[in-house]
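A quick write-up on the structure given underneath.
Numbers for residues simply follow the sequence, beginning at 1. The model shown is predicted, which means the values in this text are computed figures rather than measured ones.
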Amino acid sequence: HSCIKKIGSYDFNYERRVLSHGAEIRILTTKEAELLNMLAESMNLPLSKHDALIRIWGEDSYHNGRSMDVYIAKLRKYLQFDADIHIMNIHGLGYKLSILS
């Protein structure tokens, strides 16, 4: 189905906010799904933290930036069953989702 994105060995249905890995299914919060979708759309390219904060949180503030860091940590945990998936910090810019293969 077209609304399902492959992220390594995971399937991500952005519209339903479902992240699945085999039989394991996780329903993401709206912000988790938005952030994962933005990372997936810019796969292997840097995602500007500023752009993500504006789009998802509505403003780029220190508090929202810290909140986003927590969401990134959650996404890393959710994606931990595929060792080839990495969400890297890019100092001064943002994050990059990449699949090592």
Is the shortest side-chain heavy-atom distance between [X] and [Y] below 4.5 Å?
| X | Y | answer |
| --- | --- | --- |
| R17 | E32 | no |
| M43 | L39 | no |
| I56 | T30 | no |
| I54 | H50 | yes |
| L35 | M68 | yes |
| L28 | Y71 | no |
| Y95 | I72 | yes |
| Y14 | E34 | yes |

**Study point:** Nearest non-hydrogen partners of G8 and I99, listed with the distance
**Key:**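 Shortest heavy-atom separation between G8 and I99 comes out as N-CD1, 3.5 Å.
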Practice item. Please answer whether the main-chain N or O of A83 pairs with a side-chain N or O of H86 as donor and acceptor at a distance below 3.5 Å. Key: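 Here the side-chain-to-backbone pair exists.
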Practice item. Look only at the side chain of D11 and the backbone of S20, and say whether a donor-acceptor pair between them is shorter than 3.5 Å. Key: no
Review point. Between K96 and L47, is a side-chain contact (heavy atoms from CB on, under 4.5 Å) present by the stated rule, with each step listed?
Key: CA-CA 6 Å; K96 181 171 83 171; L47 171 65; over 6 Å; no
Review point. Given D69 and K49, is the salt bridge (charged side-chain N to carboxylate O under 4.0 Å, His left out) satisfied, shown in steps?
Key: CA-CA 10 Å; D69 294 338; K49 188 170 183 175; 2.8 Å; yes
Nearest 0.5 Å, what's the [atom1]-[atom2] distance between [X] and [Y]?
| X | Y | atom1 | atom2 | value |
| --- | --- | --- | --- | --- |
| K31 | W57 | NZ | CH2 | 6.5 Å |
| L79 | K74 | CG | NZ | 14.0 Å |
| L36 | I87 | CG | CD1 | 7.0 Å |
| I27 | L19 | CD1 | CG | 9.5 Å |

Point to revise | Mutual orientation of the aromatic rings belonging to Y10 and H21 [parallel < 30°, tilted 30-60°, perpendicular > 60°] | key: tilted
Check your understanding: Do you see a donor-acceptor pair shorter than 3.5 Å between the side chains of K5 and N13?
Key -> no
Review point. Is M38 linked to I7 within one hydrophobic cluster, defined over Ile, Leu, Val, Met, Phe, Trp and Tyr using a side-chain heavy-atom separation of less than 4.5 Å?
Key: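 Yes: a chain of side-chain contacts under 4.5 Å links M38 to I7.
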Point to revise | Cluster link I85 to F81, ILVMFWY, side chain under 4.5 Å | key: yes
Point to revise | Heavy-atom neighbours of K6 NZ exceed 12 at 6.0 Å | key: yes
Practice item. Would you indicate whether R76, at its atom CZ, is surrounded by more than 12 heavy atoms from other residues, nucleotides or ligands within a distance under 6.0 Å? Key: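 Atom CZ in R76 is crowded, with more than 12 foreign heavy atoms closer than 6.0 Å.
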